[in-house]
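Because the structure is predicted, anything quoted here is derived from the model rather than measured.
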Amino acid sequence: MQVSGLSVRGLALGLLLAGCVSTPKPQPRPPVFVPPRPAPRPLATDYRTTPPPGLATTLDSLARNFDGRLGLAVTRADGIWIYVHQGDAFFPQQSVSKFWVALTVFDAIDAGKLSLDTKVTITRADLTLFHQPLADLVGANGFTTNVSELLLRAMTQSDNTANDSLLRTVGGPEAVRAMFLKKRITGVRFGPGERLLQSKTAGLAWKQSYSLNGNFFKARNALPLEARQKALDTYLADLPDGAQPQAIVRALARLAEGQLLSASSTRILLSLMSEAKTGKQRVAGGVPYGWQYGHKTGTGQELAGVSTGYNDVGIMTAPDGTRYALAVMIASTRRPIPERQALMQGVSAAIAAAHRK
């Protein structure tokens, strides 16, 4: 078989070119850009179980910089966290104890033993001491009122005669202590009532004549300073009306959550606390606009420049409905009233500021 010259030359040229040109090597592929995986978003902090950021730091600072024996406790009503400073120590309650009397009365109402309309007659033999506006209404024939009005006077005006009358009506100190057992409230003591508690704290044995015409102050002022100091020291060393701040806030939280009383009694008691006329410059002075605060104050006797039992306990409610139970209790201090009030206002302001975060 013959092949034409053109075909041979074409074949030779093709072989030559094939030998001169190398086969290109495969080039590495450029890396594919893969964006970094975002870090998992942390779950939102559940402030029902964890204190808000900064709250403990602020409260620690307030406590550290206050010159006096101070107890603090704060808890979110629907949660399980609690902040405490000296929270398990016992502090004098003074008129904070009126809250327990009211709680006992409402428990008796829930049980059908009393009603808000139950009549109570107060005579001059029932008058007590210190703040008792009700005394002006008690004439020679006494004054007849009802449980509802006595609760209003005791809780909003801190009227001692109204409170002692409620205490007698509900069954005395033993009834309050029985209520503690029934409701499983621990860490709270209840004293003998205003007349006996205050007279003994001053170094006096109660006489009914002390209830009128400033006779209590005259008798107290006539005592030697040493006798008064010994009586006050004895009271502070073994408080018959002592309570732990943490015990108080836990009870307040349970009240707010409807765990202590019926719905009706809970609503009325919280309403009474919100109408309190006392202590406007204590915790309430630091509660921001739009928040609500229902509370009970307590103030003890002073001697030689030392104030005892300067307290405010209650429930702060945020605009979104979140509730915080708190207790600020000063067992003793030489600091003036404006400084005590500033401390208490700092606590409520700290709670509100932490809530916004």
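Side-chain contact between Pro224 and Arg228 is absent, with no heavy atoms from C-beta onward closer than 4.5 Å. Proximity of Leu270 to Leu255: side-chain heavy atoms (C-beta onward) are separated by under 4.5 Å at one or more points. Side chains of Leu197 and Pro240 form a contact here, defined as non-hydrogen atoms less than 4.5 Å apart. Within the 4.5 Å cutoff, side-chain heavy atoms of Leu303 are placed close to those of Leu225.
Taken to the nearest 0.5 Å, the CE atom of Met155 stands 10.5 Å off from the CG atom of Leu166. Taking CD from Glu174 and OG1 from Thr104, the interatomic distance works out to 11.5 Å, rounded to the nearest 0.5 Å. Note that CZ of Arg64 and CG of Leu70 are 12.5 Å apart. Values are rounded to the nearest 0.5 Å. Put simply, CG on Leu212 and CZ on Arg124 are 7.0 Å apart, with the number rounded to the nearest 0.5 Å. Note that the CG atom of Leu261 and the OG1 atom of Thr266 stand 4.5 Å from one another [nearest 0.5 Å]. Between the OG atom of Ser264 and the CD1 atom of Ile109 there is a distance of 8.5 Å, given to the nearest 0.5 Å.
A distance-only check finds a donor-acceptor pair linking the side chain of Gln208 to the backbone of Leu127 [under 3.5 Å]. Between the side chain of Lys98 and the backbone N or O of Gln94, no donor-acceptor pair lies under 3.5 Å. A donor-acceptor distance shorter than 3.5 angstrom exists from the side chain of Gln244 to the backbone of Asp88, with no hydrogens or angles considered. Looking only at distances, no side-chain donor or acceptor of Thr121 sits under 3.5 Å from a matching main-chain atom of Thr144. Judged purely by atom type and a 3.5 angstrom limit, Gln132 uses its side chain to pair as donor or acceptor with the backbone of Ser211. Between the side chain of Thr118 and the main chain of Leu114, no donor-acceptor pair closer than 3.5 Å is present. Between the Asn163 side chain and the Ala154 main chain, no donor and acceptor come within less than 3.5 Å of each other. Side-chain atoms of Asp159 come within 3.5 Å of backbone atoms of Thr161 as a donor-acceptor pair (strictly under, hydrogens ignored). At least one donor-acceptor pair closer than 3.5 Å links the side chain of Thr333 to the backbone N or O of Asp67.
Clustering ILVMFWY residues whenever any of their side-chain heavy atoms sit less than 4.5 angstrom apart, transitively, puts Leu239 in a cluster other than the one holding Val328. Under the 4.5 Å side-chain contact rule for hydrophobic residues, Val96 and Leu129 do not share a cluster. Tracing side-chain contacts under 4.5 Å through hydrophobic residues (I, L, V, M, F, W, Y), one never reaches Val84 starting from Ile185; they form parts of separate clusters. Leu232 and Leu204 end up in different hydrophobic clusters when Ile, Leu, Val, Met, Phe, Trp and Tyr side chains are linked at under 4.5 Å. Following chains of ILVMFWY side-chain contacts shorter than 4.5 Å, one can reach Met316 starting from Trp81, so the two form part of one hydrophobic cluster.
By the 6.0 Å and 45° rule, Arg189 stacks over the aromatic ring of Phe90. For the pair Arg340 and Tyr310, the cation sits on the ring face: its NZ or CZ lies under 6.0 Å from the ring centre, inside 45° of the axis. Taking the centre and axis of the six-membered ring of Phe91, the NZ or CZ atom of Arg69 falls inside the cone set by 45° and 6.0 Å.
Under 3.5 Å, the side chains of Asp312 and His295 contain a donor-acceptor pair of N or O atoms. Looking only at atom types and distance, the side chain of Asn65 has a donor-acceptor partner in the side chain of Ser61 under 3.5 Å away. Thr297 and Thr278 share a donor-acceptor pair across their side chains, judged by distance under 3.5 Å alone. Side-chain N/O atoms of Asp110 and Ser262 include a donor and acceptor closer than 3.5 Å. With hydrogens and angles left out, the side-chain atoms of Asp320 and Thr322 include a donor and acceptor closer than 3.5 Å. If you check the side chains of Ser148 and Arg153, you find no donor sitting under 3.5 Å from an acceptor. For the 3.5 Å distance criterion, the side chains of Gln301 and Arg220 qualify, holding a donor opposite an acceptor. Side-chain contact, Asn311 with Lys296: no donor N or O sits under 3.5 Å from an acceptor N or O. In summary, the side chains of Gln198 and Thr201 do not present any donor paired with an acceptor at a separation below 3.5 Å, with no hydrogens or angles considered.
When every heavy atom of Pro133 is checked against every heavy atom of Gln157, the shortest pair comes out as CG-OE1, 3.6 Å. Minimum heavy-atom separation, Ala73 to Val249: O-CG1, 3.5 Å. Contact between Ala331 and Leu236 at its shortest, heavy atoms only, is O-CD2, 4.2 Å. When all heavy atoms of Val170 and Ala175 are compared, the pair lying nearest together is O-CB, 3.3 Å. The shortest heavy-atom contact between Ala251 and Leu260 is O-CD1, 3.4 Å. Listed here is the closest heavy atom pair of Ala256 and Ile315: CB-CD1, 3.9 Å.
Of the listed residues (Val313, Leu252, Ile248), just one forms a side chain to side chain contact (heavy atoms under 4.5 Å, CB included) with Phe99, and that residue is Leu252.
For Gln292, the CD atom counts as loosely surrounded, since its 6.0 Å shell holds 12 or fewer non-hydrogen atoms of other residues, nucleotides or ligands. Open room surrounds NZ on Lys207; 12 or fewer heavy atoms of other groups in view lie less than 6.0 Å from it. More than 12 heavy atoms of other residues, nucleotides or ligands sit less than 6.0 Å from atom CG of Asp233.
With respect to Lys183 and Asp107, a salt bridge is recorded, a charged nitrogen being found less than 4.0 Å from a carboxylate O. Comment: Asp78 does not engage Arg323 in a salt bridge, judged by the lack of any side-chain N to carboxylate O separation of less than 4.0 angstrom. With respect to the salt-bridge test (charged N to carboxylate O, under 4.0 angstrom), the residues Glu226 and Lys230 do not qualify.
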query = Can Ser97 and Gln93 be said to form a side chain to side chain donor-acceptor pair (under 3.5 Å), step by step?
reply = CA-CA 6 Å; Ser97 64; Gln93 294 185 81; 5.8 Å; no
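The aromatic ring centroids of Phe217 and Tyr210 lie 6.0 Å or more from each other.
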